[in-house]
Every structure is written in C-alpha cells, then in structure tokens.
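Letters go in sequence order (proteins before strands), and every chain restarts at 1. All of these numbers come straight from a predicted model, not from anything done at the bench.
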There are 4 protein chains.
Amino acid sequence: MRKSKLDQCQNIEDLRKAARRRAHKMVFDYIDGGADDEKTLAGNSSAFDKYSLLFRVLTGVDEVDTSITLLGQKMDQPFFCSPSAGNRLFHTEGERAVAKAAAAAGVVYCLSTLSSVSMEEIAALTTGPKWFQLYVWKDRGLVKEMLDRARAAGYRALILTVDLPIAGNRERDPRNGFTIPPHYGPRQTFEALKAPFWTLDYLTGAPIKYANLSADTPAVSLADFVAEQLHAGFNWRDAEWLLGEWNGPAVIKGVVRDDDARQAAALGFNAVMISNHGGRQLDHSPAPIDVLEEIVQAVGDKVEIILDGGVRRGTDILKALSLGATAVSFARPYLYGLAGGGEPGVKRALTIMAEAVRRDMALMGVRSLEEIDASFIRLIP
Amino acid sequence: MRKSKLDQCQNIEDLRKAARRRAHKMVFDYIDGGADDEKTLAGNSSAFDKYSLLFRVLTGVDEVDTSITLLGQKMDQPFFCSPSAGNRLFHTEGERAVAKAAAAAGVVYCLSTLSSVSMEEIAALTTGPKWFQLYVWKDRGLVKEMLDRARAAGYRALILTVDLPIAGNRERDPRNGFTIPPHYGPRQTFEALKAPFWTLDYLTGAPIKYANLSADTPAVSLADFVAEQLHAGFNWRDAEWLLGEWNGPAVIKGVVRDDDARQAAALGFNAVMISNHGGRQLDHSPAPIDVLEEIVQAVGDKVEIILDGGVRRGTDILKALSLGATAVSFARPYLYGLAGGGEPGVKRALTIMAEAVRRDMALMGVRSLEEIDASFIRLIP
Amino acid sequence: MRKSKLDQCQNIEDLRKAARRRAHKMVFDYIDGGADDEKTLAGNSSAFDKYSLLFRVLTGVDEVDTSITLLGQKMDQPFFCSPSAGNRLFHTEGERAVAKAAAAAGVVYCLSTLSSVSMEEIAALTTGPKWFQLYVWKDRGLVKEMLDRARAAGYRALILTVDLPIAGNRERDPRNGFTIPPHYGPRQTFEALKAPFWTLDYLTGAPIKYANLSADTPAVSLADFVAEQLHAGFNWRDAEWLLGEWNGPAVIKGVVRDDDARQAAALGFNAVMISNHGGRQLDHSPAPIDVLEEIVQAVGDKVEIILDGGVRRGTDILKALSLGATAVSFARPYLYGLAGGGEPGVKRALTIMAEAVRRDMALMGVRSLEEIDASFIRLIP
Amino acid sequence: MRKSKLDQCQNIEDLRKAARRRAHKMVFDYIDGGADDEKTLAGNSSAFDKYSLLFRVLTGVDEVDTSITLLGQKMDQPFFCSPSAGNRLFHTEGERAVAKAAAAAGVVYCLSTLSSVSMEEIAALTTGPKWFQLYVWKDRGLVKEMLDRARAAGYRALILTVDLPIAGNRERDPRNGFTIPPHYGPRQTFEALKAPFWTLDYLTGAPIKYANLSADTPAVSLADFVAEQLHAGFNWRDAEWLLGEWNGPAVIKGVVRDDDARQAAALGFNAVMISNHGGRQLDHSPAPIDVLEEIVQAVGDKVEIILDGGVRRGTDILKALSLGATAVSFARPYLYGLAGGGEPGVKRALTIMAEAVRRDMALMGVRSLEEIDASFIRLIP
C-alpha cells in the first residue's frame with residue numbers, strides 16, 4: 001500500500017481493511033482471529049463501549065502532555081506495542097518495521113521470544129528502549145541462554161507471558177491449513193493469487209524462522225509447536241527462579257485475577273499486564289477493562305498496571321487510564337498496519353493512536369495524564 | 001460423511017451443519033428445534049455467554065485430570081450424553097453408535113425408555129457403565145416390567161424424567177408433517193431427495209420402533225403418543241413408590257426450582273439434573289446455568305447436581321462446574337454427530353468435547369476438577 | 001382463508017401473516033401499527049421475554065382447570081378479547097364473528113363504543129356474558145343514552161377507556177391515506193388489487209359505520225374524529241359521575257401508574273386494566289408486564305387486575321398471572337384471526353390461546369390458576 | 001422539496017431523508033455525522049429509549065399549555081434550536097430561514113459565532129428573542145468586539161460553548177474532502193450531479209463565509225480552522241473575565257459533569273446546557289439524558305438546565321423535563337429541515353416537534369409543564 005493511501009487510513013479499522021487486502025488470507029486470519037467462538041476477541045473491544053467518558057471543561061488545554069513514566073522510563077505515549085511472534089510472516093520488514101516505528105513514536109519496543117528477526121539485530125537497529133518477552137521453554141538451558149543474550153543486547157525489562165501454557169483453539173488456522181512457517185498446498189497457492197504483493201515478498205525473502213532459536217523452525221501448527229517446546233508445568237516457584245536469574249525489571253503478562261496479581265506483586269514483578277492474549281487463548285476470558293479496577297485496587301500501589309486487549313481508539317486508552325492503568329498495549333492495531341503497509345503502516349497505526357490520545361485528552365480537559373482519575377469514567381446505565 | 005470430513009469438524013456447530021446436510025429435513029428439525037418461539041432453546045446456550053471465566057496462571061498444568069466421580073462411579077470426563085428417544089431415526093446405527101462412543105470416551109451411557117434399540121441389546125454391546133431413563137407410563141405394570149428388565153440388564157442407575165407430563169409445542173414438527181416413525185407423504189418424499197444417504201439407510205434398514213415396548217410403534221405425533229401413553233398425573237407420591245420399586249441409585253431429570261430440588265433430595269434421589277428438556281417443553285423456562293447456583297446452595301451438600309442444556313463448548317462445561325455442578329450432560333451435540341456421521345460422528349462430538357475440557361482446564365490453570373470453584377466465574381457487567 | 005388453512009396456523013404470528021395476505025394494506029396496518037416509532041408496540045411483547053418461568057414438577061397434572069372468576073363471573077379461560085373499534089373494516093363478519101367466538105370459548109365479550117354492529121344486535125346474538133366499552137363523548141346526553149341502551153341490552157359491566165383523551169400519532173395511517181370508513185383514492189384502489197377477497201366483501205357489504213351512533217360516520221382520520229367527538233377534559237370527577245350513572249360493575253382501562261390505580265379503586269372501579277392501548281397512544285409507555293407487580297401491590301387486595309398488551313403466547317398469560325393479574329386481554333391476536341379468516345379465524349386465535357394455556361399450565365405443574373404465584377417468575381439476570 | 005411534500009414528512013426521520021435527497025453528500029454527512037465510531041451520536045438518541053413514560057389518566061387535558069419561562073423570557077415551547085455554524089452551506093436561505101421559523105414558533109433563536117449571515121442582519125429580521133453563541137477566539141479583541149456587536153444588536157443572552165477546545169475527529173468529512181466553504185475537486189463535482197438543486201443554489205448564491213468575521217473564510221478543514229482561531233487554553237478564569245465583559249444573562253454549553261455544573265453556577269452562569277456537541281466532539285461522551293438527573297440535583301435550584309442532544313420526538317423532550325430540565329434544544333432536526341426544504345423545512349421540523357409536545361402532554365395527562373416530575377419516568381428493567 002502506498003504511503004498516500006496509508007495516510008488516508010483514519011483509524012485502525014481502515015488499516016485492518018488494508019491488511020485484509022494485502023496479506024494472504026491465512027496470514028490475515030492468523031492476526032485477526034481468536035479462540036473458539038471469538039467471544040473474548042469481540043468482547044475485549046466491545047467491553048469499552050459499556051463505559052462512557054465524562055469530560056471536564058474549561059481546564060485550558062492549549063498544551064497537552066501525553067507522556068508517562070513506565071518502569072522508571074519516560075515514554076512519549078501511554079501505549080506501546082505488545083510483543084507478537086513471527087512478524088516477517090505478515091510483511092517482509094517484520095520486527096524491524098515495528099522496532100523502528102516504536103522508536104520513532106517514543107515508546108518502548110517489546111520483542112517476542114518467537115520473533116523472526118534475532119534479538120541482537122533488533123537491539124542494534126534503534127536506540128529506543130526495549131523489553132524482551134519470554135515464553136517458558138521446557139529447556140531451562142535455553143531460558144538462561146535467552147536471558148543472558150537479552151541482557152547483553154540491552155533489553156531492559158523482561159515480560160513473562162503466563163497465559164499460554166498450551167495453545168488456544170484458534171479455528172481459523174487449521175481451516176486455512178496455516179502453519180509457521182507457511183506450508184503451501186494447492187489451497188494456499190490458490191489463495192496466494194489474491195495476495196500477489198505479499199506472495200512476491202514471501203517467495204523472494206529470506207526463509208521465515210524463529211530467529212532466536214538455533215534450530216530451524218519446523219512447519220507445524222502453533223499448537224504442536226507450543227506443546228512440544230513450551231513448559232506447561234511452569235509455576236510460581238519456577239517464576240521465582242526466573243526472576244532470580246533475570247535480576248532486573250520484570251513484567252508478568254496474562255493476568256485477569258486479583259489474587260494472581262497479588263501473588264505476582266509479592267514475588268517481585270514490577271508490573272502486571274492484564275491480558276487474555278487478545279482473545280486467542282481461553283474464550284470467555286473477561287475483557288481486561290472489566291477486571292482492571294479490582295486489580296488496581298489489589299496491587300495498584302505496589303506495581304504498575306498495563307492493560308492489554310481490545311484497544312482500538314484513543315478513548316479506549318483514556319478509559320483504561322481513568323480506571324488506574326499506567327499504560328496500555330496492543331498488537332492487532334500495529335499488525336494490521338504492518339500487514340497492510342510495512343513500516344509506514346506501523347507508523348500510521350502509532351500516529352493514529354498518538355493523535356487520538358492527544359485530541360481526546362484535550363476534549364476530556366486533561367493536560368497531563370496524572371490528572372486522570374475514576375471521576376472521568378462510568379458504566380452506562 | 002467420511003471420517004476425514006468428520007475430523008475437519010472443529011466444533012459442534014460444524015457437526016450441526018453436517019447433520020443438516022445428511023439428514024432428512026424433518027429429522028434434522030426434530031433434533032434441532034424447540035418449543036414455541038424457541039426462546040429457551042436459544043437462551044440455554046446464550047445464557048452461558050453472560051458469564052466470563054477468570055483463569056488462574058502459573059499453576060503448572062503439564063498434567064490435567066478431567067475425571068470425576070458421579071454416583072460413585074469414576075468417569076473420564078465431566079460430561080455424558082443425555083438420554084434421547086428413537087436414535088435410529090437420525091442414523092441407522094442409532095443407540096448402538098452412541099453407546100459405543102460413550103464407552104470409548106469413558107463416560108456413562110444413558111438409554112432412553114423410548115430407544116429404538118432394546119435395552120438388552122445395548123446392555124450387551126459394551127462393558128461401559130449404563131443408566132436407564134424412564135418416562136412415567138400410565139401402565140404401572142409396564143413401569144415395573146421396565147425396571148426389572150433394566151436391573152437385570154445391568155443398568156446401574158435410574159433417571160426419572162419429570163419435565164414431560166405432556167409434550168411441548170414444537171412447531172417445526174407438525175409443519176414438517178413429522179411423526180415417529182416417519183410417515184411419507186408427497187412433501188416428505190420430495191424432501192427425501194435432498195437427503196439421499198439418510199433415505200437409503202431408512203428405506204433399507206429395519207423398521208423404526210420403540211424397542212422397549214412390546215407393541216409396534218404407531219406413526220403418530222409425539223404429542224399424541226405422550227398424551228396416550230404417559231401419566232400426566234404422576235406426582236411426588238408416585239415418585240416415592242417408584243424409588244421403592246427401583247431401590248437403587250436414582251436421578252431426577254428436569255428440575256429448575258430449588259424447592260423441587262429439596263423435595264427430590266428429601267425423597268431419596270441421589271442426583272438432580274437441572275434441565276428444561278433442551279428447550280423442547282415449556283418455552284421461557286430458565287436456562288439451567290442461570291438457576292444452577294441456587295440449586296447448588298439448596299441441595300449441593302446432599303445430592304449431586306448435573307446441568308443439562310445448552311452446552312456446546314468446553315467453557316460451558318467448566319462454567320457449570322465453577323458454579324457447583326458435578327457434571328453436565330447434553331444431547332444435541334452427539335445427535336448432530338450421529339445424524340451427520342453415525343458412530344464416527346458421535347465419537348467426533350465426544351472427542352471435541354473431551355479435548356476442549358482438557359485444553360480449557362489447562363488454560364484456566366486447573367489441574368483437577370476439584371480445584372474449580374466460584375472464583376473462576378462471574379456475570380459480565 | 002379456508003378452514004383447513006386456518007387450522008395450520010400454529011400461533012398468532014401465523015394468523016398475522018394470514019391477515020397480511022387477505023386484508024387491504026391500510027386495514028392491516030391499522031391493526032398492526034402503533035404510535036410514533038412503535039417502541040411501545042414492540043416493547044409490550046418483548047418485555048415478556050425478560051422474564052422466565054420456573055416450572056414445578058411432579059404435581060400431577062392429568063387434570064388442568066383453566067377457569068377463573070372475573071367480576072363475579074366464571075370464565076373458562078384467563079383471557080378475553082379487548083374491545084376494538086370498527087371490526088367490519090377487517091372482515092365483513094365484524095363484531096358478530098368475535099362475539100360468537102368469545103361465547104364459544106366461554107369468555108366475556110367486550111363491545112366497543114365504536115363498534116360497526118349495534119350493541120343491541122350483538123346482545124341478541126349469543127347468550128355469553130358481555131361488557132360494554134365506553135369512550136367519553138363530549139355529549140353527556142349521548143353517554144347517558146349509551147349507558148341506558150347497554151344496560152337494557154344486558155351488558156353486565158362497563159369498561160371506561162381512559163388512555164385516549166386524544167388520538168395517538170399512528171404514522172402508518174396517514175401514510176396509507178387511511179380513514180374510517182375507508183376513502184378510496186387511486187392509491188387505495190391500486191392496493192385493493194392485492195386484496196381481492198377483502199375488497200369484494202367491502203364493496204358488496206353494507207356500508208361501514210359506527211353503529212351505536214345515530215349519525216352517519218364521516219370518512220375522517222381517527223385523530224380528527226376523536227378530537228371532535230371525545231371529551232379530552234374528562235377527569236376523575238366526571239368518572240365519579242359516570243360510575244353513579246352506570247351503577248354497576250365497572251372497569252377502568254388504560255392505567256399504568258399505581259397512584260392512578262389507587263384513585264380508581266377508591267372511586268369504586270371493580271377492576272383495573274393495565275394497558276397502553278396496544279402501543280397506539282403514547283409511545284414509550286411502559287410495557288404492562290413491567291408495571292403489573294407494583295399495581296398488584298397497590299390495589300390487588302381491592303380490585304381485580306387485568307393485563308392488556310403484548311400477549312401472544314400462553315406463557316405470556318401465565319407470566320401475568322404469576323405476577324398477580326386475574327386475567328389478561330388482547331386485541332391484535334383475534335383481529336389478525338378476524339382479518340385473516342372471519343369467525344373461523346377468531347376461533348382459531350382463541351383456540352390457539354386456550355390450548356396454550358392448558359398445555360403451559362401442565363408444563364408448569366399447575367392444576368388450577370389459584371396455584372400460580374410469584375415463585376414461578378423472575379427477571380432473567 | 002415542495003411544501004406539500006414537506007407536509008407529508010411526519011417525523012424528523014422523514015426530514016432527514018429529505019435532506020439526504022436534496023443536499024450534496026458532503027454537506028449531508030457534515031450535518032449527519034459524528035466523531036470516531038459515532039457511538040455517542042447514536043447513544044444520544046438511543047439512551048432515551050431506556051426510559052419509559054408513566055402517563056397519568058383522567059386529569060382533564062382539553063387545554064394544554066406548552067409554554068415555559070427560560071432566563072426570564074416566555075417561550076411558547078419547551079424547546080429551541082441549538083446554534084449551528086454556516087447554515088448557508090445547507091441551504092441558500094441559511095440562518096435567515098431558521099431565525100424566521102424560530103420566531104414563528106415562539107421560541108428563542110440562537111445565532112452561532114460562525115454563522116454565515118451576520119448577526120446584525122439576523123437581528124433585524126424578526127422581533128423574536130435571540131441569544132448569541134460564542135466560541136472562544138484566541139484574539140481577545142475579537143471576542144470583545146463580538147460581545148459589543150451582539151449586545152448592540154439586541155441579543156439578550158450569551159451562550160458560551162465549552163466542549164470544543166479543539167475539533168472532534170469526524171471521519172466522514174475528510175473522507176468526503178469537505179471543507180468550509182466547500183472546495184470542489186473532481187469527486188465533489190461528481191457528487192454534485194446527484195444534488196442538482198443544492199448545487200444550483202450553491203453556484204448562483206453569494207459566497208459562503210463566516211459572516212461575523214471581517215476576514216474572508218479560507219477553505220480549510222474545520223479542525224484546522226478551530227486549531228488556528230479558537231483558544232484551546234481558555235479556562236474558568238477566562239470565563240469569569242468573559243462573564244464580566246458581557247454582564248448579562250449567560251449560558252454555558254457543553255457540560256456533562258456535576259462538578260463542572262457547580263463551578264459554572266458558582267461563577268454566575270444562569271443556565272447550563274448539558275451537551276456533548278451532538279456526538280461530534282469526544283466519542284463515548286455520556287448521553288445528556290443519562291447525566292441530567294445528577295446535574296439537576298447538583299445545581300437545579302441555582303440555574304436552569306437545558307438538555308441538548310439526541311432529541312427526535314416529543315417524548316424525548318418530556319422525558320428530559322420529567323428528570324428536571326427546563327427546556328431542551330436540538331440542531332439536527334431543524335438542519336435536516338433546512339437542508340431538505342429551506343425555511344418551510346425548518347418550520348416543518350418545529351411544527352412536528354410542537355405538535356408532538358402538545359399531543360404527548362395530553363397523552364401523559366399533563367396540562368402544563370409545571371406538572372411534570374420524576375414520577376413520570378423510569379428506567380426500563
């Protein structure tokens with residue numbers, strides 16, 4: 001998609017349509033889909049609609065400061081990109097595009113364990129702050145190796161994802177015959193004709209693999225890969241061991257219960273990411289916005305709270321902050337941008353969000369994000 | 001439907017489509033339909049969507065045990081197949097297919113009074129545990145004879161169905177001219193052309209009849225059959241007499257009120273099945289999941305509680321267990337499988353459910369079903 | 001519509017379709033439509049869906065008694081036909097059909113002031129109980145004359161309609177160019193071609209007029225007729241005068257507030273009909289079922305409560321009775337029957353309802369209507 | 001649209017359709033659209049549907065008085081036209097049509113700062129009461145000049161709009177390439193062919209400009225114009241200064257919080273307009289009807305409360321008055337009229353509303369608006 005076309009994308013839904021046009025169906029569906037009946041996928045976003053924002057007037061909003069401090073680091077925006085696997089699947093620029101766009105937007109970049117570009121290459125690409133996301137591998141040696149490499153490469157914080165002990169039931173993927181990396185049968189080849197630019201990139205680009213692993217990536221379903229490689233038995237004691245090994249700022253991602261948040265805070269995590277993995281794991285998980293307030297009440301004075309899931313508009317972000325989140329993160333918005341237009345697409349996604357936050361803060365009568373509190377939000381009767 | 005096609009059915013809705021393709025319209029509608037405006041039919045399932053599941057993390061779920069104990073018997077799954085009448089209507093393999101699939105899945109098989117294969121033949125077919133479902137016949141001699149035969153054949157528990165004193169108003173059936181066994185007029189013949197495999201089976205198979213009755217089954221509407229044969233005046237005193245006659249484990253099926261549950265427990269029933277007969281009897285009956293909690297509070301310490309109605313996903317099952325049910329049962333899921341593909345279809349239905357329970361337990365952070373409690377579930381605000 | 005076709009109508013919606021096929025569009029729309037955006041019209045029915053019915057089991061329902069006592073008179077059913085104007089518009093048999101069907105069903109017949117058959121002719125037609133509905137005419141002499149005639153003709157109770165001080169804003173009627181009696185312009189003539197049987201009846205039948213008025217009925221809109229003839233200034237003192245003039249059993253129709261119900265009871269009315277005129281007057285009036293409970297609590301020990309509005313199913317009736325109504329009434333169900341098939345159509349409507357009440361009582365475990373109470377009903381969570 | 005056609009418009013939705021037919025797409029969309037996902041736009045109206053109106057009977061409504069007193073002035077109706085910018089865009093008669101229609105209806109006329117006819121010309125056009133709406137310009141000299149001119153021209157009250165520190169994100173406008181005044185590119189020219197009458201008027205009429213500004217109006221987006229000209233930093237202290245400069249009756253428009261309403265009352269505003277700018281500014285703002293009650297409780301004894309937003313029916317107006325509003329205002333209803341048919345169209349809109357208020361008061365049993373209170377309204381369960 002040309003830059004001028006991308007600039008006409010006014011919102012994330014426009015970028016989603018761009019992604020659907022450009023990407024192979026199985027790739028678009030992998031980004032777009034969720035588990036089972038996709039109730040949580042839909043609910044993550046629609047739950048925001050149950051809340052209204054009570055704007056304040058005459059506060060003088062000629063200057064609006066969108067920055068926050070997160071894990072001690074200044075960020076220009078109260079949002080960042082959630083880690084996501086195998087970005088080169090979506091566009092040949094892959095994680096490189098996202099890392100550069102994040103740095104340009106002044107927000108932290110979070111690299112996935114399962115990235116398709118190595119952590120060292122990404123680390124060298126920009127000077128922006130970076131965090132490293134970890135899945136729990138069965139092989140403890142591999143975990144320690146990854147922690148060492150991440151620390152050496154300058155990743156400042158660790159994100160431990162805990163809501164994927166096994167893979168969720170994403171029905172679009174087997175229906176499309178989707179594997180990572182893609183396997184091309186007759187059906188996939190036929191669908192490729194509808195996505196010529198993506199296909200050309202894919203065929204002429206470097207093979208897609210999990211770049212942080214030494215072994216080649218086998219073309220298997222995500223469910224099989226997860227079952228074979230990840231450690232479903234990982235528990236709080238293992239997490240304690242991991243925190244000791246890392247010995248640095250740490251974030252736990254995938255919590256929806258206040259008792260789990262308390263446990264994480266007690267163990268030494270510095271931030272809790274409320275997340276249900278974008279509706280891709282347990283369908284009927286609660287929408288993050290619906291459990292935010294109680295988790296803030298439980299541990300908001302001890303750790304930072306990040307809401308991940310369903311965010312599509314600036315108002316979603318400001319609702320989360322009204323209920324006590326320090327920041328929000330999202331994946332699909334930038335992945336739609338990536339699949340629809342590479343680095344300019346990701347930048348467009350982040351620009352849309354940044355402009356929305358600034359505009360919506362002004363419309364709410366909020367000059368800095370510290371002024372936001374629960375008086376701005378309520379459930380619609 | 002070929003086995004490979006069945007394996008592509010990822011969920012119960014896929015099996016429902018398979019059933020619609022293969023079975024005669026009047027047969028599919030008999031399975032699929034409900035009473036009046038089918039509000040309860042739809043509500044049984046959609047009521048589950050009002051609840052979300054608050055999964056737990058880092059509990060270590062490398063091993064997940066899906067088994068339960070029900071009426072003192074170990075079952076490999078927390079679900080089983082509700083009894084249903086005349087299964088040979090749906091597929092020539094009929095109750096035989098379901099009994100074999102239940103045994104293979106390690107769950108109890110419940111034979112209907114109105115089965116189209118005799119209780120003795122089914123009893124001899126597998127070594128799995130079996131229960132016998134009883135409608136209350138006007139003829140007390142017939143009731144006693146059935147109890148004797150069931151006991152002799154090894155059926156361990158009795159299920160007394162109490163929500164069918166008369167037949168509900170299922171409007172699809174008269175619209176289709178449906179009777180049991182089917183009567184073929186011009187319209188039925190025309191529709192048969194769209195269901196050639198079903199029709200071939202039906203025409204070449206043994207005549208369909210209620211196999212536990214000595215008399216031949218007349219081709220009448222269900223409403224007329226019920227009115228003529230079943231005892232609408234059957235009451236708690238009669239139930240007490242019946243329990244005395246049976247003198248074994250007994251389940252009451254079709255309760256939605258806590259006072260009825262209390263009465264059943266006081267009378268000596270060992271389990272209460274919360275059910276509205278799948279929305280086929282009184283439309284606007286409450287969804288079982290919506291009355292579960294109060295019935296658990298009323299009698300959960302005295303009897304076992306089984307939720308029957310609307311279950312289509314593993315999460316539905318785990319929601320019921322979170323609210324205190326010991327097990328759930330369902331009919332349409334396996335009947336879609338049966339109508340869509342015979343025994344392999346039923347097995348596919350049970351496999352889908354078993355895999356979902358295992359996966360969803362892991363995603364909820366639950367290693368054994370005893371760990372589930374009400375903290376996992378809540379109404380969406 | 002032939003008798004055999006009518007017998008295939010399984011529910012009121014089927015009769016509604018029959019009416020739409022047979023009647024002139026402007027006539028069908030006059031029956032079918034409501035005020036403004038028809039929110040109350042739709043809400044009257046859909047409000048019932050918010051409640052579920054908690055059936056009781058094992059009560060012994062071989063015999064079910066559907067009768068009630070209303071204003072001291074035994075009725076075979078807990079429902080009756082609300083009065084409605086100008087029935088010969090809908091079918092040439094008009095009020096005669098309804099009166100005969102009501103008598104056959106064993107329920108009271110309520111004749112409208114604005115009937116198209118005279119009160120004396122209807123009185124002579126059947127031996128069934130009859131009530132007379134009164135609008136408040138500007139001309140007090142006319143009111144007294146009507147009361148005298150009604151008393152003389154044997155109408156036992158008076159229904160005073162109070163929710164029509166002026167006509168509601170029914171937008172379908174002016175859109176169709178509808179007047180009473182109909183005026184035929186080019187558009188009406190064109191539409192008449194689609195309703196040949198209705199048109200033939202209309203053209204060959206006696207002219208339609210308000211048969212209780214000595215003057216001929218002018219072809220004007222209902223709004224104009226009401227504004228000219230009815231007394232918008234009629235108030236509680238006038239009602240007191242009217243009760244004195246009538247000096248017999250009296251019902252007030254069109255109440256939705258408990259304070260109005262209290263006032264009516266204090267003044268001497270014997271029954272309160274909760275009604276919003278079928279959603280034809282003030283749009284956004286509350287659904288009768290939603291205000292029933294508080295009116296029962298206010299005056300249920302002093303007067304009888306009749307719910308009018310939105311009833312389409314037996315379960316609707318039994319919900320109203322569960323919340324304390326003595327009876328329900330409805331108009332559209334029998335008017336669809338009348339417009340779709342004359343007297344057999346009305347009979348079909350009443351039979352559908354009677355069978356549904358009997359069946360649903362049995363399914364609820366209720367042998368007589370005195371057994372029904374609030375334990376049977378609740379709002380769905 | 002011819003007068004006879006306008007008279008057939010029975011409601012505001014009919015006028016909306018007339019506007020869509022007559023006006024250029026970009027102009028219709030400018031009127032019709034809202035911010036972001038237009039949730040607040042839709043919610044402003046649909047929120048009224050959550051409330052029902054409990055009408056009173058037998059109060060004697062032969063005479064109904066729809067008048068109110070607002071800021072000490074008698075108005076024939078409890079509604080008036082909200083100020084709106086650049087009306088000559090919608091129809092060549094522009095603000096002149098609206099001012100004349102308002103005078104004819106006996107309600108105040110509110111001229112926008114950004115009117116396309118000068119305040120002096122409008123002032124001279126009718127003898128009806130007029131208020132002047134002010135945006136806060138960066139140029140304080142311009143503000144003082146406008147106040148002086150408004151006072152001199154006889155505008156009696158000032159409306160300060162406070163919910164537009166910057167422009168909202170109205171996505172239809174850039175999609176249509178809409179600017180004020182319109183810029184005609186190929187796409188706009190093509191669309192013009194579908195709106196020949198509007199286009200002819202536009203091409204032959206005087207150039208459209210903001211008539212209260214000395215400078216010519218540049219063809220830029222509203223967002224750019226607002227950012228350049230209006231003072232986003234305007235705050236409560238500035239408002240205090242403004243009240244001092246004006247020294248007359250003053251209304252604050254765009255408040256949804258009770259604390260802001262308290263602050264406005266304390267500062268000396270005489271009335272609070274609850275408004276979210278018709279859903280054109282911050283999407284997910286609350287519907288005015290949903291925050292009305294608490295603002296009435298907070299300041300209803302000190303200032304008058306005007307509800308602005310979502311009003312389409314007489315019942316909407318009476319709901320707002322039941323909850324304590326003194327009056328309501330609306331813009332789209334009369335703008336649809338204007339775009340659909342010029343002055344007769346505006347008059348039709350106001351007549352529809354006036355007739356509805358009178359009719360609905362009678363149907364509610366209310367003879368004067370002072371009789372309305374909270375007993376008439378409730379949330380539907």
**Report entry** Most contacts with chain A, counted as non-hydrogen pairs under 4.5 angstrom, among B:T315, B:V61, B:V64
**Finding:**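 Most heavy-atom pairs under 4.5 Å with chain A: B:V61.
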Query raised in the report: Which one of B:Q8, B:E63, B:K319, B:M364 has the most heavy-atom pairs closer than 4.5 Å to chain A?
Result: B:K319
Requested in this report: Output the option from A:Q263, A:R237, A:H231, A:K50 having the highest count of non-hydrogen pairs under 4.5 Å with chain B.
Outcome: A:K50
Report task. Evaluate the criterion side-chain contact (heavy atoms from CB on, under 4.5 Å) for residue pair B:D14 and A:R175; output intermediate values, then yes/no. Result -> CA-CA 12 Å; B:D14 288 347; A:R175 208 158 271 151; 3.0 Å; yes
Query raised in the report: Is there side-chain contact between B:R313 and A:D37, with at least one heavy-atom pair below 4.5 Å?
Result: yes
Query raised in the report: Any side-chain heavy atom of B:R358 sitting closer than 4.5 Å to one from A:I166?
Result: no
Requested in this report: Determine whether more than 12 heavy atoms belonging to other residues, nucleotides or ligands lie under 6.0 Å from atom NZ of A:K138.
Outcome: yes
Requested in this report: Answer yes or no: are there more than 12 heavy-atom neighbours, outside B:E371 itself, under 6.0 Å from its atom CD?
Outcome: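 Enclosed: over 12 neighbouring heavy atoms sit under 6.0 Å from CD of B:E371.
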Closest approach of [X] to [Y] (non-hydrogen atoms, all atoms of both residues):
{"X": "B:L363", "Y": "A:G168", "value": "CD1-CA, 4.2 Å"}
{"X": "A:P286", "Y": "B:L53", "value": "CD-O, 3.1 Å"}
{"X": "B:F55", "Y": "A:D260", "value": "O-OD2, 3.9 Å"}

Toward chain B, the part of [X] with a non-hydrogen atom under 4.5 Å:
{"X": "A:D36", "result": "both"}
{"X": "A:N276", "result": "both"}
{"X": "A:A167", "result": "backbone"}

Report task. For the pair A:E171 and B:N11, evaluate side-chain contact (heavy atoms from CB on, under 4.5 Å) and give the outcome as yes or no after the intermediate values. Result -> CA-CA 9 Å; A:E171 301 185 349; B:N11 52 44; 2.5 Å; yes
Report task. Walk me through it: do A:V291 and B:R378 pass the test side-chain contact (heavy atoms from CB on, under 4.5 Å)? Result -> CA-CA 11 Å; A:V291 295; B:R378 78 168 54 157; 4.1 Å; yes
With a 4.5 angstrom heavy-atom cut-off, which part of [X] approaches chain A: side chain, backbone, both or neither?
{"X": "B:T59", "value": "backbone"}
{"X": "B:R359", "value": "both"}
{"X": "B:R312", "value": "neither"}
{"X": "B:F376", "value": "both"}

**Report entry** From CA spacing to verdict: side-chain contact (heavy atoms from CB on, under 4.5 Å), A:F234, B:D62
**Finding:** CA-CA 8 Å; A:F234 197 90; B:D62 40 349; over 6 Å; no
Report task. Give a yes or no on whether the backbone of B:R56 and the side-chain of A:R257 come within a donor-acceptor separation of less than 3.5 Å. Result -> no
Report summary line: In this structure, CG of B:L58 is separated from CD1 of A:I252 (nearest 0.5 Å) by 5.0 Å
Query - Point-to-point distance, once rounded to the nearest 0.5 Å, from CG of B:D360 to CD of A:Q281 - result: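 Separation between the atoms: 10.5 Å.
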**Report entry** Pair A:K39 + B:D49: basic N to acidic O under 4.0 Å
**Finding:**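 A salt bridge is present here (some side-chain N lies under 4.0 Å from a carboxylate O).
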